Every structure is written in C-alpha cells, then in structure tokens.
Amino acid sequence: MLARIIISLFWVTLLSTSVMAADEIVKPGKNALVRAIEMANSGDRLILEAGDYVGGFTLTKSIEIHGNGDVNIIGAETGSVIRIDVPGVVISGLHLTGSGSNHKTIDSGVQLTKKAANAIIQNNYLEGNLYGIDVHGARNALVRNNTIIGRQGRRMNRRGNGVYVWNAPGARVENNKIKYGRDGIFVNSSRKNTFTNNRFEDLRFAVHYMYADKSEVSGNVSIGNHLGYAIMFTTHVKIENNLSIGDRDHGIMLNYANKAIVKGNVIQNGGKKCLFMYNANKNILRDNHFEGCPIGIHFTAGSERNEIIGNSFIGNRIQVKYVGSRDHDWRGNFWSDHAAFDVNGDNIADQAFRPNDTMDQILWTQPTAKLLLGSPAIQLIKWAQKEFPSLLPGGVIDEQPRMKPTFNASMAAKRIQGRI
C-alpha cells in the first residue's frame with residue numbers, strides 16, 4: 001500500500017512539473033534576458049529571438065536557453081558570460097563573447113560549478129573568451145557540437161583552455177571544433193570521461209591529460225599544434241583512432257602513463273617524435289601508424305613491459321630511439337627500412353629486425369661521436385654487427401616483422417576526419 005502511495009505521488013509530481021514547464025519567447029531589449037530568467041520556473045525553455053543580449057549572469061534555476069545561431073550573449077569583460085550553479089541546465093545555439101581575463105576565477109564563456117550536474121552545452125559558438133567552457137566539478141556534463149575560438153593576443157601559455165575539465169566524473173566532450181587559446185581540452189583530477197571526435201588546431205596541446213584515470217580519448221584530429229595528445233600521470237586510458245598531422249613536437253606523449261591502450265592512431269609528419277614515452281609502463285601499443293617523423297618512438301626514463309604489436313613505422317629518420325635493456329614485447333610490426341624476404345608468403349619476414357645497433361646507442365649518448373661516423377673503424381663495427389648478430393646489443397628486436405603495413409593510413413585519416 002505504501003509503495004502505491006509513493007508511486008502515485010511520484011507521477012503527480014512529474015505531471016505537475018510537466019504542466020508548469022513552458023516555452024517563453026524572449027525578444028532583445030535592455031536586460032530582457034535577465035528579466036526572463038528571473039520570471040522563469042524550473043523546467044521552462046527560453047527561446048531567444050535573434051539579436052544581442054546582456055550576459056554576466058548566474059543561473060540558479062533548472063531552465064533551458066535556446067537560440068537559433070543569431071543570438072549574441074555579450075559579457076561585460078568580467079567574470080563568465082554564463083555561470084551555471086544548478087543541475088539540468090541546457091545552453092544551445094548561442095554566440096557567447098566577452099568573458100573576463102582572470103585565471104583565478106577561470107573566466108569563461110560558460111562555467112559549470114559543482115552543482116551543475118547533467119548540464120548540456122551544445123551547438124554554441126564561443127569566441128574570444130579566456131576559457132571556452134569550464135566544467136568545474138559538474139558530474140555527467142555533456143559538451144558537444146560547439147565551436148570554440150580562443151584568444152591569440154597573449155603568449156600561448158598565458159591563454160586559457162578551450163574546455164577545462166576538473167574533477168567532473170562522467171563528463172563527455174564530443175564533436176567540438178577548438179582553435180587558438182592554450183590547450184584544446186585540459187583535464188585534471190577527473191575520471192571516467194570521454195573525449196571523442198573533436199578537432200584541434202593552432203594550440204599548445206590538443207588534449208592535455210593529468211591525473212584522470214579510466215577515460216577515453218578517441219576519434220580526435222590534431223593539426224598543427226605544438227603537441228597532439230599529452231597523457232600524463234594516468235592509468236587505464238584508451239587512446240584510440242586519433243589523428244595527428246604536423247604537430248610540432250610529438251603526436252602522442254605518454255608521461256608516467258601506465259596500463260593505457262594506444263590503438264589505431266595515425267601520426268604523420270611530426271616535428272620531433274611520433275610517440276614519446278617517458279617512464280611509461282605496461283602499456284599496449286597496437287596497430288598504430290607512425291610516419292614521417294625524425295623519430296618514430298622514443299623510449300626514456302625507465303619505461304618497461306610495454307607491448308608494441310602490429311604497428312607500422314614508415315619513413316621515420318630513426319624508427320626507434322631506445323637506450324637501455326628493459327623488456328618490451330615487439331611483435332608483428334612493419335618497418336619500411338627492413339629489406340627482407342618472405343619465402344612462404346605468410347606476410348612475416350624471414351629475418352628478425354633490429355631498428356638500431358651499438359653505434360646508434362653511442363651516438364645518442366655521446367653526440368660528439370658523430371665526428372667519427374665516416375671513419376673506417378666505425379664502418380668496421382657496423383659490418384661486424386651485421387655479419388655476426390651475437391655482437392648486437394640488447395634492446396629492440398622484432399622477431400616477426402610484417403612485410404606490409406597494418407592498415408591503409410590515408411584511408412584511416414580520411415575516415416577519422418570524415419566524422420568531424
């Protein structure tokens with residue numbers, strides 16, 4: 001009996017809320033939007049007609065604000081343009097400008113506080129704000145289909161981020177286009193987040209990821225940034241099917257990142273390294289494409305027990321830079337500089353492949369030794385190592401190198417970009 005009463009009360013409350021919710025048309029005018037917000041009830045939808053509206057307000061009611069793309073919310077260049085301090089708010093179809101410039105208060109186009117659970121920020125154009133969207137403690141926020149154009153006037157490190165996610169479990173950032181500013185997405189002290197199908201250009205890092213476990217970075221495109229995907233101080237992250245083209249330093253960096261899955265990524269024409277691993281352990285690197293970088297993969301600072309399987313290393317000046325004796329599992333990778341035969345036609349080369357030798361390691365640790373590179377003694381050492389493999393050092397060896405790349409990188413790159 002008690003259960004029936006509770007269910008009846010639930011439906012009465014739900015129906016009452018539905019009846020009370022209303023669509024309100026708002027026309028431009030002095031403080032028109034602020035007045036409409038004050039008069040609105042929780043659950044109402046404010047439909048804004050084209051024009052300019054004054055920003056700089058805080059939402060404390062669970063309402064929706066919708067525009068058609070010709071609605072400008074203009075802040076007073078102090079604080080955030082819209083600050084949300086209540087759950088269930090929807091912000092859609094607005095052009096947001098005019099935030100303040102204070103990093104301490106994280107002045108943003110849209111700022112979500114810890115109370116702003118389940119907020120939806122979608123289909124907006126945010127331009128010239130210090131930060132684009134700040135998800136500061138709000139659980140299960142959805143940020144999708146927004147265009148965020150950051151600032152260019154300061155040095156890059158002094159600008160704000162496109163999307164800042166701090167301690168916001170369940171946040172999803174999807175299908176956004178982010179340009180200029182500092183980092184495209186900066187994630188700190190969060191978990192169980194997904195960052196998918198976003199496009200990043202002209203930034204410091206496309207994705208800057210710190211202390212954020214059990215999350216996913218997939219299907220994103222990074223073009224012409226200083227660094228593509230920086231995964232730092234994190235465990236159990238999936239970095240899958242991302243694209244990095246022409247990023248200045250590295251396509252992907254794993255820095256104290258452990259037990260990650262790095263799969264199906266295409267890194268092309270990086271300025272320094274396709275993949276840089278610093279003290280990164282027990283990661284799985286499978287079916288990635290590393291092409292046209294000065295260094296394909298650089299291991300350093302004690303990285304160990306990583307699986308490097310089924311990747312393609314094509315046209316990198318140095319395919320792998322590795323000085324050490326830590327164990328890694330190298331199997332079934334394609335190496336463009338491996339001249340080998342495949343007599344039985346099983347796509348596995350008949351000879352194992354070592355991407356570097358003793359002289360490589362000497363040159364990496366003692367750069368001045370390059371002066372002797374053309375000397376007869378050096379050539380004799382290289383010949384001896386080739387003819388007598390037992391003289392080769394420990395380190396990287398692929399016992400089952402492939403004869404063909406794992407997949408068509410051009411087709412994969414077009415497929416990734418086609419989703420964005």
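All figures in this text were calculated on a predicted structure; none of them were measured in a lab. As a basis for the values below, the full set of heavy atoms in this structure was taken, side chains included, without hydrogen atoms, waters or symmetry mates.
Looking only at distances, no side-chain donor or acceptor of Arg354 sits under 3.5 Å from a matching main-chain atom of Ile397. For Arg151 (side chain) and Gly128 (main-chain N/O), a donor-acceptor pair under 3.5 Å exists by modelled atom type. When atom types are taken as modelled, the side chain of Asn288 and the backbone of Asn265 share a donor-acceptor pair closer than 3.5 angstrom. In this structure, the side chain of Ser312 does not engage the main chain of His289 through any donor-acceptor pair within 3.5 Å. Between the side chain of His338 and the backbone N or O of Gln351 there is at least one donor-acceptor pair closer than 3.5 Å. Remark: side-chain polar atoms of Asp213 are not paired, donor with acceptor, to backbone N or O of His236 under 3.5 angstrom. At least one donor-acceptor pair under 3.5 Å links the side chain of Asn225 to the backbone N or O of Phe200. A donor-acceptor pair under 3.5 Å links the side-chain atoms of Asn176 to the main chain of Val143, judged by distance alone. Between the side chain of Gln111 and the backbone N or O of Gly79, no donor-acceptor pair lies under 3.5 Å.
The distance from the CD1 atom of Ile267 to the NZ atom of Lys273 is 14.5 Å, given to the nearest 0.5 Å. Here Asn124 contributes atom CG and Ile148 contributes atom CD1; the two are 9.0 Å apart, rounded to the nearest 0.5 Å. The CZ atom of Arg159 lies 10.5 Å from the NE2 atom of His103; values are rounded to the nearest 0.5 Å. To the nearest 0.5 Å, atoms CD (Gln122) and CD (Glu174) are separated by 10.5 Å. Atom OH of Tyr131 and atom CG of Asp107 lie 9.0 Å apart (nearest 0.5 Å). The distance from atom CH2 of Trp335 to atom CG of Asn316, rounded to the nearest 0.5 Å, is 9.0 Å.
By the 4.5 Å heavy-atom criterion applied to side chains, Ser189 and Trp166 are counted as neighbours. The shortest side-chain heavy-atom distance between His136 and Thr113 does not fall under the 4.5 Å cut-off. Two residues are said to be in side-chain contact when any heavy atoms from C-beta on lie closer than 4.5 Å; Ser80 and Ser108 meet this criterion. Contact of the Val207 side chain with the Asn198 side chain is not registered, since no non-hydrogen atoms from C-beta on lie closer than 4.5 Å. Between Ile239 and Tyr209, every side-chain heavy-atom pair lies at or beyond the 4.5 Å cut-off. Taking the side chain as every heavy atom from C-beta outward, Glu304 and Phe299 never approach each other to under 4.5 Å. Side-chain contact between Met277 and Asn283 is present, with at least one heavy-atom pair separated by less than 4.5 Å. Using a 4.5 Å heavy-atom threshold, the side chains of Lys282 and Asn258 count as separate.
Sorted by first and then second residue, the salt bridge (charged side-chain N to carboxylate O under 4.0 Å, His left out) pairs involving residues 48-59 (not counting sequence neighbours) form an empty list. Among residue pairs with one or both ends in residues 25-71, none qualify as ring-ring contact (aromatic ring centres under 6.0 Å, His included); sequence neighbours excluded. Listed by first and then second residue, the disulfide (SG to SG under 2.5 Å) pairs that reach into residues 188-286 are Cys274-Cys293, sequence neighbours excluded.
Of the listed residues (Ile37, Asp85, Val110), just one forms a side chain to side chain contact (heavy atoms under 4.5 Å, CB included) with Leu59, and that residue is Ile37.
The number of heavy atoms from other shown groups lying within 6.0 Å of NZ (Lys61) is above 12.
No salt bridge links Asp287 with Lys263; every basic N to acidic carboxylate O contact stays at or beyond 4.0 Å.
Between Phe276 and Tyr278, the ring planes lie tilted relative to each other; the angle falls in the 30° to 60° range. Ring-plane geometry between Phe186 and Tyr164 is classed as parallel, the angle between the planes falling under 30 degrees on a 0 to 90 degree scale with a further cut at 60.
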